[in-house]
Amino acid sequence: MKAYCDMNSPILLLDNDGERLHTLANILSPLKNNIHIATTRQHAQSLIDAGLEPAVVIIDSFTHGDGCTLIKVFSSELQKRPFYSDILCVIPQTQPQLIDHALASGATDIITRPFNHNLVQARVRALCRTGQPAHSHADTPLSSHDETKIHNKQSKLFGDEAAYFFPTATALCVDIATQNARHNTDIREEARRRKRVEETLANYLHQHHLVLTTRFDTMLIAITQNDAQTPQSTQNAAEAALFIMNQVPHLKSLAEHKLMVRIGLDIGPLVVETKHSTSPAPFIYGSAFSTAKYLAETGRADSIQISQHLKTRLENAYQCEDRGLFYSTTTGMIMTYFLSGRRFE
């Protein structure tokens with residue numbers, strides 16, 4: 001007899017399009033399910049072989065050009081497993097002819113994109129069966145089944161997996177803006193100075209147990225995982241941000257010209273795709289990154305801007321000043337705060 005999963009069971013997202021994965025991860029983040037990401041069939045298969053028992057597998061019909069064939073393969077494979085999984089297929093609203101093809105291939109149900117957030121969440125809740133799960137992963141860190149390790153010397157958080165999902169992570173974005181005071185400065189010399197600044201910042205982040213994942217335009221992006229094994233990770237991010245601001249005079253001396261540093265911090269779900277087809281650098285997305293990036297971009301010079309969600313975690317130990325409401329294309333209107341220092345009794 002196959003075991004059914006409860007409302008907190010894992011969900012597996014399979015798609016090779018980063019933006020679609022980003023959108024779905026954001027939509028499903030309010031649910032209690034632990035979301036896992038795969039960008040290839042082989043990656044998804046390795047997760048299941050390692051012990052993952054998803055309640056729902058969501059596959060886009062355009063995954064690798066033919067999601068319906070992928071659904072057929074997965075449906076056949078899942079029937080051999082000692083647990084029950086439903087397959088939810090995503091199709092474009094403009095191609096309703098794919099519905100019959102997807103259902104015939106083994107999909108349990110259909111959702112369309114552009115997504116209706118409430119409908120997607122309702123469909124997933126309905127497919128998550130009520131009952132005792134065969135093997136719960138709700139409280140198990142992802143590292144237990146993909147063997148990802150932190151290598152401090154190389155400042156890496158990722159192993160050989162194509163994508164890694166953090167149910168809760170703190171994202172720190174450092175925006176570095178420079179203004180050359182001497183217009184005849186050689187471009188190569190300018191690049192060397194900026195590299196010195198970036199290397200120094202990376203060292204600061206490493207000292208506070210954050211991991212520098214990638215560069216995005218003028219930003220350095222660092223993250224830290226939040227789980228039972230790293231209860232101080234959010235404070236580490238706050239301490240790193242405050243330390244960087246204290247070191248701004250030194251950073252300006254390294255740059256040898258005007259330098260503006262702005263930091264954005266947020267906490268939430270986050271995906272890092274380490275093997276992205278269009279970029280040699282890690283591809284990072286998720287609500288924590290999007291909001292932190294926005295807060296850095298809209299911050300004041302030499303200031304740390306944080307979200308209300310993060311403020312509630314820090315306000316007992318840190319001083320936070322209201323900045324006001326801002327509109328973000330990712331989350332709509334959000335309340336923002338400046339992190340100004342530690343709170344002393």
Side-chain angles (χ1 to χ4, degrees), residues 139 141-144 148-159 164-176 197-216 219-248 250-251 261-272 274 282 284-296 299 302-321 336-345:
D139 299 319
L142 289 181
S143 55
S144 66
T148 301
K149 298 180 180 179
I150 296 178
H151 304 285
N152 288 329
K153 291 184 180 179
Q154 292 81 20
S155 291
K156 291 182 180 179
L157 186 61
F158 316 106
Y164 195 95
F165 178 76
F166 296 88
T168 308
T170 303
L172 184 151
C173 295
V174 186
D175 184 53
I176 311 165
V197 173
E198 291 184 349
E199 288 177 346
T200 303
L201 281 169
N203 185 50
Y204 294 160
L205 295 169
H206 174 64
Q207 290 174 13
H208 290 84
H209 308 290
L210 272 75
V211 178
L212 176 65
T213 59
T214 190
R215 290 168 174 81
F216 186 90
M219 289 190 184
L220 299 182
I221 315 300
I223 66 171
T224 180
Q225 185 177 7
N226 296 72
D227 56 28
Q229 296 176 346
T230 55
Q232 300 299 318
S233 55
T234 302
Q235 288 86 343
N236 289 342
E239 289 294 328
L242 291 169
F243 183 84
I244 289 172
M245 284 307 169
N246 288 332
Q247 297 299 316
V248 165
H250 175 59
L251 295 173
V261 178
R262 298 179 296 182
I263 296 179
L265 278 169
D266 189 35
I267 187 170
L270 188 144
V271 176
V272 177
T274 59
I284 184 169
Y285 47 94
S287 62
F289 163 68
S290 299
T291 303
K293 174 178 174 291
Y294 168 79
L295 293 172
D302 303 338
S303 68
I304 305 165
Q305 190 167 208
I306 66 175
S307 65
Q308 185 170 19
H309 190 192
L310 188 60
K311 183 244 185 185
T312 59
R313 294 203 176 202
L314 296 175
E315 59 186 351
N316 290 334
Y318 295 87
Q319 297 175 1
C320 303
E321 304 171 8
T336 64
Y337 301 83
F338 287 125
L339 180 66
S340 55
R342 300 186 193 90
R343 187 182 296 278
F344 296 100
E345 296 182 357

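Closest heavy-atom contact between Ala222 and Leu210: CB-CD2, 4.1 Å. Closest approach of Asn316 and Arg343 over heavy atoms only: O-CD, 3.7 Å. Taking every heavy atom of both residues into account, Thr291 and Ser307 meet most closely at CG2-CB, 4.4 Å. Here the closest non-hydrogen pair linking Ala292 and Ala171 is CB-O, 3.6 Å. Here the closest heavy-atom approach between residue Ala288 and residue Ile267 is recorded as CB-C, 4.0 Å. In plain terms, the two heavy atoms of Leu172 and Ala240 that are nearest each other are CD1-CB, 4.4 Å.
You'll find the side chain of Thr234 stays beyond 4.5 Å of the side chain of Leu265, heavy atoms only. Within the 4.5 Å cutoff, the side chain of Leu251 has heavy atoms near those of the Tyr204 side chain. A heavy-atom distance below 4.5 Å is not found between the side chains of Leu295 and Cys173.
Here OG1 of Thr200 is found 5.0 Å from NE2 of His250. Values are rounded to the nearest 0.5 Å. With rounding to the nearest 0.5 angstrom, the CG atom of Leu220 is 7.0 Å from the CG atom of Leu205. In this structure, CG on Asn203 lies 10.5 Å from NE2 on His208, to the nearest 0.5 angstrom. Atoms CG and CD, on Leu201 and Gln247 in that order, are 10.0 Å from each other to the nearest 0.5 Å. Remark: Leu242 CG to Arg342 CZ distance equals 6.5 Å, nearest 0.5 Å.
Under the rule for a side-chain contact (heavy atoms from CB on, under 4.5 Å), the partners of Ala238 that lie at least two apart in sequence or sit in another chain are Leu314, Tyr318, Leu339. Here Glu315 pairs with Lys311 under the salt bridge (Lys or Arg N to Asp or Glu O under 4.0 Å) rule; sequence neighbours left out. Applying the side-chain contact (heavy atoms from CB on, under 4.5 Å) criterion to Asp302, with sequence neighbours excluded, gives Met245, Val248, Lys252, Val261.
Exactly one residue among Ile304, Leu310, Ile306 makes a side-chain contact (heavy atoms from CB on, under 4.5 Å) with Tyr337. That residue is Ile306.
Between the side chain of Ser340 and the main chain of Gln319, a donor-acceptor pair closer than 3.5 Å is present.
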